[in-house]
Amino acid sequence: MYGCSKVVSGEFDLPLIDLRNLLSSNKEDREACINGITTASSKWGFFGVVNHGISEELVRRMRKEQGTVFEMPFERKSNCKALNDSYKGHGAPNGSCIENMSWSESFHVPLSTISWEEDHATDQEFTSLRLVLKDYGAAMGKLALTLAGILAGKLGHSLEFFSENCNEMTSFVRMNHYPPCPLWPEVFGIIPHTDSDFLTILCQDQVGGLQLMKDCKWISIMPNPEAFIVNIGDLFQAWSNGVYKSVEHRVMANPTAERHSTAFFFCPSYDTPIITPMQPPLYKEFTFRQYMKQVVEDIKQTGRKTGLTFSPVNVTPQFMKQRWFS
Ligand SMILES: O=C(O)CCC(=O)C(=O)O
Ligand SMILES: [Fe+2]
């Protein structure tokens, strides 16, 4: 359908894009690849990529270091200065109810705050992890910029906004660990959410458990060892004026197997205004800082975020009626 092969995911096929086609000498192959990316981003908010240019060796190194850090005693990993105290333990952010609980632990690492120098001489234990995070962040940042440029290009815009405001230093790597869950099936590995960035590139292991919302149904994404999963985040939905969709997803817990995943969140610097170049704007203007502040407050108060706010000037009841019900 998208000039690409597919990955089978339950009853549905997640578009699988062969990025090698971007470099093809054949114009039709290049266009089919670009259309695959943009169509999947508006219809699914998700797609898989293969031949993405990130070496297996880098992925292996990242996995190994990630596995090692999660095996450390709680006291050690939860007070890790070398990773800027970015550890987040299991649980419910507002402790309110079991539906808001995620059976996972993670390091949500802002790449800007990780020192690459040897100034953490007392924390040698984390040196190899910091070094791989640096390489991984750089490689993922490059891939994310390519994808963002394609998505912007399809809307008639250059990649300038992204190259000026986003890079690996404004982005995050989230290392996720899902231990076997004795409370299965009552709790999630990660509760349903959308991502708060421009786009996410996810590398998952073989265990599975990731599900996304498609046509009001949850569908499973089967692990594919060669593919990364890319998904559109809230910021791209706002910037593209709703053309590309930030889709809800969740991770199911597993009663017996542990699981790891690594997510790269492509983000702008905090004071970047998120203003769509398209007219009329559907969403209220905001900076990334304001959005993140709102997300943190929402989660503290209700356990879930409210997400993007429609522009009250443009999104009148009449507009809604025309756009969604005509
Ligand atoms: O582990 C996964 O498959 C998804 C993780 C995720 O959605 C996230 O970290 O935002
Ligand atoms: Fe996510």
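What's counted below: heavy atoms across the whole structure, side chains too, no hydrogens, waters or symmetry copies. In listed order, ligands and their atoms are each counted from 1. Being a predicted model, the structure only gives us computed values, none of them experimental. For this chain, numbers begin at 1 and follow the sequence in order.
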Review point. Which ligand 1 atoms are under 4.0 Å away from a heavy-atom of His249?
Key: 7 (O)
Exercise for review: Could you tell me whether Lys27 and Glu31 make a salt bridge, using a distance below 4.0 angstrom between a side-chain N and a carboxylate O?
Suggested key: yes
Check your understanding: Of the backbone atoms (N, CA, C, O) and the side-chain heavy atoms from C-beta on, which set of Phe264 has a member under 4.0 Å from an atom of ligand 1: side chain, backbone, both, or neither?
Key -> neither
Review point. Ser261 to ligand 1: N or O pair under 3.5 Å?
Key: yes
**Study point:** Lys217 bridged to Asp215 by N-O distance under 4.0 Å
**Key:** no
Study note, to complete from the structure: One finds that the ligand 1 atoms under 4.0 Å from a non-hydrogen atom of Arg174 are 9 (O)
Check your understanding: For ligand 1, which atoms sit closer than 4.0 Å to a heavy atom of Tyr178?
Key -> 1 (O), 2 (C), 4 (C), 5 (C)
Study note, to complete from the structure: protein heavy-atom neighbour closest to atom 9 (O) of ligand 1 works out as Asn176 ND2, 3.1 Å
Review point. How far apart are the C-alpha atoms of Tyr178 and His260, what are their side-chain angles, what is the distance that settles it, and do they pass the side-chain contact (heavy atoms from CB on, under 4.5 Å) test?
Key: CA-CA 6 Å; Tyr178 306 86; His260 288 93; over 6 Å; no
Review point. For ligand 1, which atoms have a heavy atom of Val251 less than 4.0 angstrom away?
Key: 1 (O), 2 (C), 3 (O), 4 (C)
Exercise for review: Specify whether Tyr283 and Phe310 have parallel, tilted or perpendicular ring planes, treating 30° as the upper limit for parallel and 60° as the lower limit for perpendicular.
Suggested key: parallel
Review point. What is the name of the N/O/S atom in Asp195 that sits closest to the Fe ion (ligand 2)?
Key: OD1
Check your understanding: What atoms of ligand 1 come closer than 4.0 angstrom to any heavy atom of Asp195?
Key -> 10 (O)
Exercise for review: Output, in order, the C-alpha distance, side-chain angles, deciding distance and verdict of salt bridge (Lys or Arg N to Asp or Glu O under 4.0 Å) for Glu105 and Lys77.
Suggested key: CA-CA 10 Å; Glu105 56 177 344; Lys77 62 190 169 191; 3.1 Å; yes
**Study point:** Distance from atom 3 (O) of ligand 1 to nearest protein heavy atom, with residue and atom
**Key:** Arg259 NH2, 2.8 Å
Practice item. Check the angle between the aromatic planes of Phe266 and Phe162 and answer parallel, tilted or perpendicular using the 30° and 60° thresholds. Key: parallel
Exercise for review: Answer with side chain, backbone, both or neither: which part of Leu202 has a heavy atom less than 4.0 angstrom from an atom of ligand 1?
Suggested key: side chain
Practice item. Test Asp271 against Arg289 for salt bridge (Lys or Arg N to Asp or Glu O under 4.0 Å), laying out the working first. Key: CA-CA 6 Å; Asp271 290 314; Arg289 188 188 303 281; 3.0 Å; yes
Point to revise | Residue, atom name and distance, where the atom is the protein heavy atom closest to atom 8 (C) of ligand 1 | key: His193 NE2, 3.8 Å
Exercise for review: Spell out, yes or no, whether Phe70 and Leu129 are grouped together once hydrophobic residues are joined by side-chain heavy atoms under 4.5 Å, including indirect joins.
Suggested key: yes
